[in-house]
Participant: 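I'd like to ask you about the structure that follows.
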2 protein chains.
Amino acid sequence: MSDYKKRSEIIIRKLRQSGLKMTPQRLAIVNVLAKSEGHPSVEDIHARLKKEFPTMSLATVYRNIVLLKSLGEVLELGFPDGSNRYDGNRPFPHPHLICIKCKKILDPDLDSLEKMKKEVESETNFRILSHRLDFFGICSACLSEKV
Amino acid sequence: MSDYKKRSEIIIRKLRQSGLKMTPQRLAIVNVLAKSEGHPSVEDIHARLKKEFPTMSLATVYRNIVLLKSLGEVLELGFPDGSNRYDGNRPFPHPHLICIKCKKILDPDLDSLEKMKKEVESETNFRILSHRLDFFGICSACLSEKV
DNA sequence: TATTAAATGATAATTGTTATCATTTAATAC
DNA sequence: GTATTAAATGATAACAATTATCATTTAATA
């Protein structure tokens with residue numbers, strides 16, 4: 001079974017355990033977020049589901065994202081331009097590489113992050129509970145493009 | 001001369017060089033941002049200057065921040081709750097320690113960040129132009145507080 | 001099938017920010 | 001000092017993203 005289907009099932013199980021109703025709209029939103037292809041915005045999700053659910057309300061997308069965030073099953077990525085995009089596939093803080101040219105978001109592995117957190121905690125006496133690490137620049141695909 | 005007065009002068013010099021007018025309101029806003037005590041929000045700046053300039057408009061604060069950002073003399077700190085705060089004292093990207101209890105923002109030194117950027121660039125072929133690194137948690141003052 | 005609490009859809013309200021425009025003012029030339 | 005003019009300001013309207021409201025619909029359960 002694919003990675004995102006597993007994520008869907010995990011999220012849906014948690015929703016059921018919380019005594020919440022499984023509506024077709026909710027299921028569809030969870031599926032899009034579990035996949036999180038391209039780290040969709042609210043508008044992206046709404047647009048993607050408009051065909052299947054012509055009456056799908058923006059409010060429903062917002063409501064379900066708020067719910068899933070509160071359950072810890074969706075990560076909100078807020079960007080410097082004020083826009084928000086969402087990741088239900090990796091709902092824990094993790095570094096991003098954000099291409100300012102093609103707007104793609106990559107999720108690199110970064111072994112040194114844990115080391116850095118330890119360095120900060122020992123040097124400053126600050127107890128780290130969460131973090132945010134984003135690199136902005138040009139991805140390899142855009143770098144190798146002819147202008 | 002204090003650090004922030006030097007920052008003021010640098011910013012003011014750049015504004016003059018750009019052929020912009022030095023109004024009393026602009027000077028006052030620059031001074032608050034050059035100091036950046038507590039990393040003020042737009043509202044903070046507006047409130048702080050209301051006594052000296054009773055007619056100071058919010059729009060003027062916004063306009064001058066946009067201007068100073070475009071000159072690279074102010075850094076905008078956008079937080080997960082959607083709020084923005086500003087730093088005209090260190091207008092380059094740098095890590096923050098953000099206390100979720102007392103809301104204070106600390107600026108730690110972090111030698112390992114440059115190393116991490118090199119690691120990312122060599123492993124992923126991504127050209128890093130800028131970054132954002134924030135740690136959320138509890139500061140030492142709040143940790144040692146009696147409950 | 002009936003019941004009921006929860007979810008939805010439509011849309012109003014809210015908030016933070018930007019745009020508009022008439023008025024004021026800093027910089028400059030005289 | 002006065003006149004000139006482009007820029008800045010103040011007041012407020014417009015805007016966009018998000019949240020709240022409320023009547024209607026629906027999933028879960030009996």
Participant: Show each protein N/O and nucleotides 21-26 of chain C N/O combination with a separation under 3.5 Å, one pair to a line.
Facilitator:
from	atom 1	to	atom 2	distance (Å)
dA26(C)	N3	Lys21(B)	NZ	3.1

Participant: Write down the distance between CD1 (Ile12(B)) and C1' (dA27(C)), rounded to a whole number of angstrom.
Facilitator: 16 Å

Participant: Salt bridge check, Glu114(B) against Lys117(B): does any charged N sit closer than 4.0 Å to a carboxylate O?
Facilitator: yes

Participant: Ile12(B) vs Arg26(B), test: side chain to side chain contact (heavy atoms under 4.5 Å, CB included). Steps then yes/no.
Facilitator: CA-CA 9 Å; Ile12(B) 290 164; Arg26(B) 173 164 290 164; over 6 Å; no

Participant: Is the ring pair Phe135(B)/His131(A) parallel, tilted or perpendicular, if the boundaries are 30 and 60 degrees?
Facilitator: tilted

Participant: Please state how far atom CD1 in Ile45(B) lies from atom C1' in dT9(D), giving the value in whole angstrom units.
Facilitator: 17 Å

Participant: Any non-hydrogen side-chain atom of Tyr62(B) less than 4.5 Å from a side-chain atom of Asn64(B)?
Facilitator: no

Participant: Write down the distance between CD (Gln17(B)) and P (dA27(C)), rounded to a whole number of angstrom.
Facilitator: 15 Å

Participant: Between Lys50(B) and Arg26(B), which has a closest nucleotide on DNA chain D that is more 5'?
Facilitator: Arg26(B)

Participant: Nearest-Å distance, CG (Leu77(A)) to P (dA17(D))?
Facilitator: 17 Å

Participant: Which residue, Thr55(A) or Asn84(B), contacts DNA chain C at a nucleotide closer to its 5' end, judged by nearest heavy atom?
Facilitator: Thr55(A)

Participant: Evaluate the criterion salt bridge (Lys or Arg N to Asp or Glu O under 4.0 Å) for residue pair Glu76(B) and Arg85(B); output intermediate values, then yes/no.
Facilitator: CA-CA 6 Å; Glu76(B) 183 172 66; Arg85(B) 292 165 72 176; over 6 Å; no

Participant: How sharply is the helix from dT1(C)-dA30(D) to dC30(C)-dG1(D) bent, taking the axes over five pairs at either end and rounding to 10 degrees?
Facilitator: 30°

Participant: Is the distance from OP1 or OP2 of dA11(D) to the nearest side-chain N or O of Ser57(B) less than 4.0 Å?
Facilitator: no

Participant: To the nearest Å, give me how far apart CG (Asp81(A)) and P (dT18(C)) are.
Facilitator: 11 Å

Participant: Write down the distance between CG (Leu67(A)) and P (dA6(C)), rounded to a whole number of angstrom.
Facilitator: 13 Å

Participant: Salt bridge check: are Arg7(A) and Glu73(A) linked by an N-O gap of less than 4.0 Å?
Facilitator: yes

Participant: Atom CG of Leu58(A) and atom C1' of dA20(D): how far apart are they, to the nearest Å?
Facilitator: 15 Å

Participant: Are OP1 or OP2 of dT19(D) and a side-chain N or O of Tyr62(A) less than 4.0 angstrom apart?
Facilitator: no

Participant: Does Phe136(B) reach the side chain of His96(B), with side-chain heavy atoms less than 4.5 Å apart?
Facilitator: no

Participant: Below 4.0 angstrom from OP1 or OP2 of dA27(C), is there any side-chain N or O of Arg16(B)?
Facilitator: yes

Participant: Indicate yes or no: does Lys6(B) engage Asp3(B) in a salt bridge with an N to O separation below 4.0 Å.
Facilitator: no

Participant: Determine, stepwise, if the pair Gln25(B) / Thr60(B) fulfils side-chain hydrogen bond (donor to acceptor under 3.5 Å, both in side chains).
Facilitator: CA-CA 8 Å; Gln25(B) 293 93 330; Thr60(B) 296; over 6 Å; no

Participant: Just the rounded figure in Å: distance from P of dG16(C) to CD of Glu76(B).
Facilitator: 14 Å

